[in-house]
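First the structure, in the form of C-alpha cells, and then the observations on it.
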Amino acid sequence: MRRYPLLALLTRRKEMEAQDRPSDEAILEQLQEIKSADQAPLIAPIRETVILCQEFDEHNHQRGQINTVSETLSHYRAVKRDGNCFLRAFGFQCMHQLITVGSPEEKAHFRDRLAKIYATLLTFPDMSPMILDDFYEPLRDMADAIVAGTLTADDLLQKFNDPMESDFLVMFLRLVIVAHLRTNHEFYAPFCGGSVEAFCTTDVQPMGRECDQVQIIALASAMEVGVEIISVDSASGPRDPLRNVFPEGMPPRIHLLFRPGHYDVLLP
Amino acid sequence: MPRGKKRTQPEEVPERKRRTTRRTKRAIEEDEAEEEAPEEPFVPPTRPMVDHRPLPVLSPVAQRRLMKELESLVKNPVEFATIDAKDDNLARMIANLTGPAGTIYAGEHFVLQFTFPATYPIDSPEVVFLPPHVPMHKHIYSVGHICLSSLYDQWSPTLGIRGVLLSIISMLASSPRKERPADDADYARECTLNPKDTSWAFHDDRC
C-alpha cells in the first residue's frame, strides 16, 4: 500500500490481534521493513543478479532459477515496490536502452509513438489537453532530448528518482495503456472482465495499481517495444524460470524479472 | 445492499486512566463507576470537529494544474455547481452545489470542501460536505464524509475537480430516497477529520 504504509500496518496489526497477537519483535521487524521500503530509491543502482539468490533458501527452486537468469543477465536494478514497479521499470529501461544503444530510427520511433498516442488520447471525450499535458509534456521533452542526444543516462536516473517527476511519467504510461485498450476494446474486453472502460477505471488509471498481463501486453504493443518477463516461481522447475515475450514474436529490448507481485529490471 | 466503509484509525487514543496508590479511594470508585457504566454516553452524529490542521503547501506543479482546472471550470462550468476559490491559497476550495433539477434533492443547497494535498494530482483531494449542508444520502455520513471509490482507492490523476463534482452530482441524481448510512452514528464517533484515514470498503462499483 502506497499512501499510508503505517496506517496499513496498524490496520493489519489490529486484524492480527483479533486472532493471534504477533510478538513485539515481529511488529518491529515489520515496521523496519516498511521503513526501509519507504526509503528505497524508486530506481536503484545496478547490482549483480546473483545477490538475489540470498532471498531464497538453498532448496528453493527460485534460487536455481535466479542462477540460470544470472548466466545471461548478470545485473539488475531494484525498482521500488509501490504498485507502479512494472511501469517505472518499463519506462526507465526503455529510455535507458535508447540512450545507451538505441539507433536513431529507434529513438525517433519512440518519440513518434508517444505523439501518436497523445493524439489518440485527445480524441476521447473525457480527455483534454488540460488533463493530459502535465503528464505528456515531461515525457515528450525527454523523448525529444533523447532524439537530440542531449539526455544522459544519469539525467534519466535522476528524473526517475524524483518522486513527482517519476510519478508523472508513470501516469502517462498508464494513459498509454488506456488509449491502447480503448482503441482495441473488442480484442481486450474478454480479458478485462467484459468491460474495458470499467477495467481502466479500477485497474489502470489509479496510481499504485499493479500491472498484470493485460496491461503489459497493452503497453508493449502500444509502444511497439518487445519486453521479456522472466518469472521466478516456485511452481516452475528447479533451474528454468518461465519466460514470456510481449508482444509475441517481437525481439525483446527490455528484460524484467518477475517475482510474485513485483518487477525489477534485468541487464546483460 | 451496499453499505459503506468500516474501521477507522482514531486521531488520538485517549490515554487510559491509570490507578496509582496516591489516588483516593473515592477517585477509584468513581473510575469504577465510570467503567461499569452499562451504556456509552450518547454522542450526537454531528459531533463538532474543528479542523486545526495546517493547509498543505502545494507543489508548483499542483498549483499550475489547479489554476488550469479553475480556468476550465469558469469557461465551461459544471451544472449545479459553483466553485469558490481564494487566490492566496489554492489548497482549499469550496464548491456550492444545488440539488439537481428533477431529483429528490432539487433546489437544496449543499457545501462541499476540497483540500488538495501537496502531491495533487497524483494523490486525491480530501472532499467532504460541510455540516449542516450535507445531503441525506445512503453513502454520505452526517459528518460530511462521502463513500465514493473515486475519492479514495480509485482516484486517478485524470479526474480532477470536474470529475469529482460530476461523480457526486450523479450520486445524488441516482438516489431513490433520503436516508443515512446504517452505521452513521458509529462512524461519527470513530472517524477522523480526514476521510482518507478511513479504510473504505466498497460494495458495488462505486460505493
Side-chain angles (χ1 to χ4, degrees), chain A residues 1-4 6-15 18 82-84 121-122 124-138 162-179 193-195 197-210, chain B residues 5-11 13 58-76 117-126 148-164 166-167 190 192 194-202 204-206:
Chain A
M1 192 164 170
R2 197 171 72 90
R3 286 180 194 134
Y4 299 108
L6 275 177
L7 195 64
L9 178 84
L10 288 170
T11 314
R12 202 180 331 142
R13 189 176 147 178
K14 247 187 172 175
E15 280 164 7
D82 62 358
N84 296 312
L121 281 165
L122 281 180
F124 301 133
D126 60 335
M127 300 285 172
S128 66
M130 195 272 290
I131 288 171
L132 295 174
D133 288 1
D134 286 339
F135 309 113
Y136 172 59
E137 284 170 359
D162 176 284
M164 199 78 176
E165 275 192 83
S166 200
D167 279 356
F168 274 65
L169 298 172
V170 165
M171 189 57 213
F172 193 75
L173 297 180
R174 292 189 176 277
L175 293 168
V176 169
I177 299 174
V178 170
S195 161
E197 222 28 68
F199 184 78
C200 287
T201 307
T202 55
D203 288 273
V204 184
Q205 294 211 47
M207 286 294 286
R209 201 65 97 249
E210 281 169 24
Chain B
K5 70 115 244 171
K6 215 48 245 178
R7 206 179 304 123
T8 60
Q9 295 302 325
E11 270 159 291
V13 183
L58 298 174
S59 72
V61 180
Q63 285 191 23
R64 206 180 59 218
R65 156 90 181 229
L66 286 170
M67 287 301 293
K68 284 202 282 182
E69 286 196 48
L70 284 176
E71 259 173 50
S72 141
L73 285 164
V74 169
K75 256 191 253 166
N76 178 15
T119 48
Y120 182 80
I122 295 296
D123 292 309
S124 66
E126 221 180 283
L148 179 67
S149 56
S150 58
L151 290 176
Y152 311 107
D153 65 342
Q154 282 181 25
W155 163 257
S156 163
T158 54
L159 285 172
I161 303 172
R162 184 183 299 277
V164 171
L166 290 173
S167 303
E190 295 168 3
T192 71
N194 184 353
K196 288 163 81 178
D197 290 341
T198 302
S199 34
W200 298 91
F202 304 103
D204 57 33
D205 57 342
R206 297 195 337 177

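Since this is a predicted model, take the numbers as computed values, not measurements. Below, chains carry the letters A, B, ... as their sequence lines are ordered, and counting in each starts from 1.
- In this structure, the portions of A/M130 lying under 4.5 Å from any heavy atom of chain B include both its backbone and its side chain.
- Of all heavy-atom pairs between B/Y120 and A/M164, the closest is O-CE, 3.7 Å.
- For B/E69, the parts sitting under 4.5 Å from any heavy atom of chain A are the backbone and the side chain alike.
- Contact of A/L132 with chain B is not made at all, since no heavy-atom distance falls under 4.5 Å.
- Heavy-atom distances place both the backbone and the side chain of B/T158 under 4.5 Å from chain A.
- In this structure, chain A has no heavy atom under 4.5 Å from any part of B/R162.
- For the residue pair B/S156 and A/P206, the shortest heavy atom distance occurs at CB-N, 4.3 Å.
- Looking only at side-chain heavy atoms (C-beta outward), A/D134 and B/K68 come within less than 4.5 Å of each other.
- Here the CD atom belonging to A/Q205 is positioned 10.5 Å from the CD atom belonging to B/Q154, to the nearest 0.5 angstrom.
- Heavy atoms closer than 4.5 Å to chain B are found nowhere in A/R174, neither backbone nor side chain.
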